[in-house]
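Read the structure below first, then the notes.
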Amino acid sequence: KRAKRDSLFAYVNKNCTCSVQMVQISGGEFLMGTDNPGIPPDGEGPQRVVYVDSFNIDIHEVTNQQFQSFVLATGYVTEAEKFGDSFVFEGLLSEPVKSQVTQAVAAAPWWLPVKGASWRHPEGPDSNITDRLHHPVLHVSWIDAVAYCSWANKRLPTEAEWEYACRGGLKDRLYPWGNKLNPKGQHFANLWQGDFPTHNSGEDGYIKTSPVMSFPPNAFGLYDMVGNAWEWTADWWTVHHTTDPQRNPMGPPSGKDKVKKGGSYMCHRSYCYRYRCAARSQNTPDSSASNLGFRCVSQEQR
Ligand SMILES: *[C@@H]1O[C@H](CO)[C@@H](O)[C@H](O)[C@H]1NC(C)=O
């Protein structure tokens, strides 16, 4: 007879020495999106009733150490490593690295393509992850994220699963913990304080990523659902959503960009008010950057 399952458990992959905690989320109905979009062109609305089946989800973003286990076991080479560069936020670059970068993104000049930037070298060749093994892995494309999750016998969450998990059972709230950004003056997520992009005051304790689980979890026991690193989801991007009740929606069958959720340590109200559960943004599946990571889900019975 099967013992009653613990909702919180350590999942140990047979090919993986990493112990990854997941939490079981019971299926149910929730209100996805919002009728008061913070950024209307992002397709945050309309608010709609969505049902998702039960699933298990990593309690934190996949860390450098976890990703390293995957790479050591498989020899996997990320897309940023194949391309030879990745996008890094200018404010994090050393002067020698910055002086070698020429091209920039016109609409967002603080993003620079840096030769040799990758998950192992988050700010380019003169940086490393030695002191950041428990930080979220960065510079992983959607393809890389899918490869990691399949190796771990998991998959990326759909946007609906991700948002259901983010909301932690709260109805129609902005953040995983409620409607106030800093209840009682406390920081609940790794975001940007100060003036973007010139001055990060680091009031929340961090200028870049933080170790996973540095801020309080939501009611489902999930950490960093907003802030720290953006998280890839399985869905193709669209801004058009039906208000017909949906069961386990998976987004459009094809597209150009994938949906990412949660915002990052670079998000500030003035420029990236996207550290809300309903907020969303997009990147092509081969994109990678110094603020984009992921976590996995699974539907296996445990
Ligand atoms: C990692 O970077 C630090 C400085 O940020 C440096 O002291 C250390 O030697 C580097 N480690 C490796 C293995 O390159």
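Just so you know, ligand 1 is whichever comes first in the structure, and atom 1 is the first atom listed for that ligand. Numbers here are sequence positions counted from 1.
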Check your understanding: Are Asp244 and Arg48 side-chain neighbours, meaning at least one heavy-atom pair lies under 4.5 Å?
Key ->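 Sidechains of Arg48 and Asp244: no contact.
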Check your understanding: Tell me: protein heavy atom nearest atom 13 (C) of ligand 1, and distance?
Key ->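 Its nearest protein heavy-atom neighbour is Thr130 OG1, 4.1 Å.
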Practice item. Specify the protein heavy atom at minimum distance from atom 5 (O) of ligand 1: its residue, its atom name, and the distance to 0.1 Å. Key: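 Going by distance alone, atom 5 (O) of ligand 1 is nearest to Asn128 ND2, 4.8 Å.
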Review point. Counting distance only, does the side-chain N/O of Trp232 pair as donor-acceptor with the main-chain N or O of Val140 below 3.5 Å?
Key: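 A pair under 3.5 Å: yes.
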Practice item. Using distance alone, with no hydrogens and no angle criterion, decide if Ser69 and Gln66 have a side-chain donor and acceptor under 3.5 Å apart. Key: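 The answer is no; no qualifying pair exists.
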Check your understanding: Under 4.0 Å from atom 2 (O) of ligand 1, do we find at least one protein heavy atom?
Key ->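 Yes.
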Exercise for review: Using protein heavy atoms only, decide if any is under 4.0 Å from atom 11 (N) of ligand 1.
Suggested key: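 It does; a protein heavy atom is within 4.0 Å.
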Check your understanding: Quick one: are the ring centres of Tyr265 and Trp192 less than 6.0 Å apart?
Key ->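 For Tyr265 and Trp192, the ring centres are not under 6.0 Å apart.
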